[in-house]
Amino acid sequence: MRRPLLTTLLVTLLAPAAWGQAAPSADIRPGTYALDITFGGGVMQGTLTLAQAGDSLTARLQVGDHDSPVRAGARRGNRLALVPTTAGMDVHYDLEFRGDQVSGTFTYNGDAGTVDGRRKAGSGN
């Protein structure tokens, strides 16, 4: 009876995360998310596209007709930070994913806003 317990223990200890490698997160689903971005008393439409690249995520954020100068930053469980790609640009997103839903906050030049969205059907994996 000890063999299954030993096997479970070895699998747990030898998993990639145990060696400091990030395993792909099932908590953040790749795909395209339609966003409502609330800022300055108005709501803008946006699109966030996430793609799995090995153990990492890539992110492309469009607000209106424009690409936002951000990239995927730190990822912890179901949370993802988007950080600026342009020096001197002060924009940061803190997003939380729950199934096909995403919500969070962002700051742009010190002013705060919110993000709410949903993963589009048939999008990604």
Side-chain angles (χ1 to χ4, degrees):
M1 292 298 281
R2 289 188 175 169
R3 193 177 234 1
L5 179 60
L6 180 59
T7 301
T8 301
L9 181 59
L10 286 174
V11 168
T12 302
L13 290 175
L14 296 177
W19 292 96
Q21 300 170 357
S25 175
D27 298 325
I28 301 175
R29 297 181 64 194
T32 301
Y33 293 79
L35 305 176
D36 289 329
I37 302 169
T38 305
F39 182 74
V43 178
M44 299 173 283
Q45 303 302 304
T47 303
L48 173 63
T49 303
L50 298 176
Q52 194 76 40
D55 290 343
S56 301
L57 283 174
T58 61
R60 178 178 181 217
L61 176 64
Q62 289 184 289
V63 179
D65 294 331
H66 305 284
D67 282 341
S68 182
V70 296
R71 66 173 174 79
R75 178 178 69 178
R76 290 182 194 93
N78 68 334
R79 299 185 76 85
L80 176 66
L82 300 180
V83 296
T85 59
T86 304
M89 178 63 77
D90 184 20
V91 60
H92 299 272
Y93 289 79
D94 180 21
L95 304 175
E96 181 175 11
F97 294 80
R98 293 185 186 272
D100 286 336
Q101 303 288 328
V102 60
S103 61
T105 60
F106 73 95
T107 58
Y108 175 70
N109 289 334
D111 295 321
T114 61
V115 177
D116 288 294
R118 181 167 184 80
R119 187 171 181 267
K120 294 180 180 182
S123 170
N125 300 338

- Separation of L50 CG from R60 CZ (nearest 0.5 Å): 12.5 Å
- If you measure from CD1 on I28 to CZ on R119, what distance do you get to the nearest 0.5 Å? 12.5 Å
- Task: Among residues two or more places apart or on two chains, list those pairs meeting salt bridge (charged side-chain N to carboxylate O under 4.0 Å, His left out) that have a residue in residues 83-95.
- Result: R79-D94
- Partners passing side chain to side chain donor-acceptor pair (under 3.5 Å) against R76 (at least two apart in sequence or in another chain): none
- Do Q52 side-chain atoms and G54 backbone N/O form a donor-acceptor pair below 3.5 Å? yes
- Item | Considering all heavy atoms, the nearest V63-M44 contact | CG1-SD, 3.9 Å
- Message: I'd like to check the salt bridge (charged side-chain N to carboxylate O under 4.0 Å, His left out) partners of D65; sequence neighbours left out, ordered by chain and number.
- Response: none
- Item | ring-ring contact (aromatic ring centres under 6.0 Å, His included) contacts touching residues 30-54 (sequence neighbours left out) | Y33-F97, F39-F106
- So which pairs with a foot in residues 103-115 pass side chain to side chain donor-acceptor pair (under 3.5 Å), sequence neighbours left out? none
- Between R29 and Q101, is there a donor-acceptor pair closer than 3.5 Å when you use the side chain of the first and the backbone of the second? no
- Task: Please identify each residue that fulfils salt bridge (charged side-chain N to carboxylate O under 4.0 Å, His left out) with R71, with sequence neighbours left out.
- Result: none
- Task: Tell me, please, which residues at least two apart from Q45 pass side chain to side chain donor-acceptor pair (under 3.5 Å).
- Result: D36
- Query: Which pairs pass ring-ring contact (aromatic ring centres under 6.0 Å, His included) with one or both residues in residues 66-89, sequence neighbours excluded?
  - Reply: none
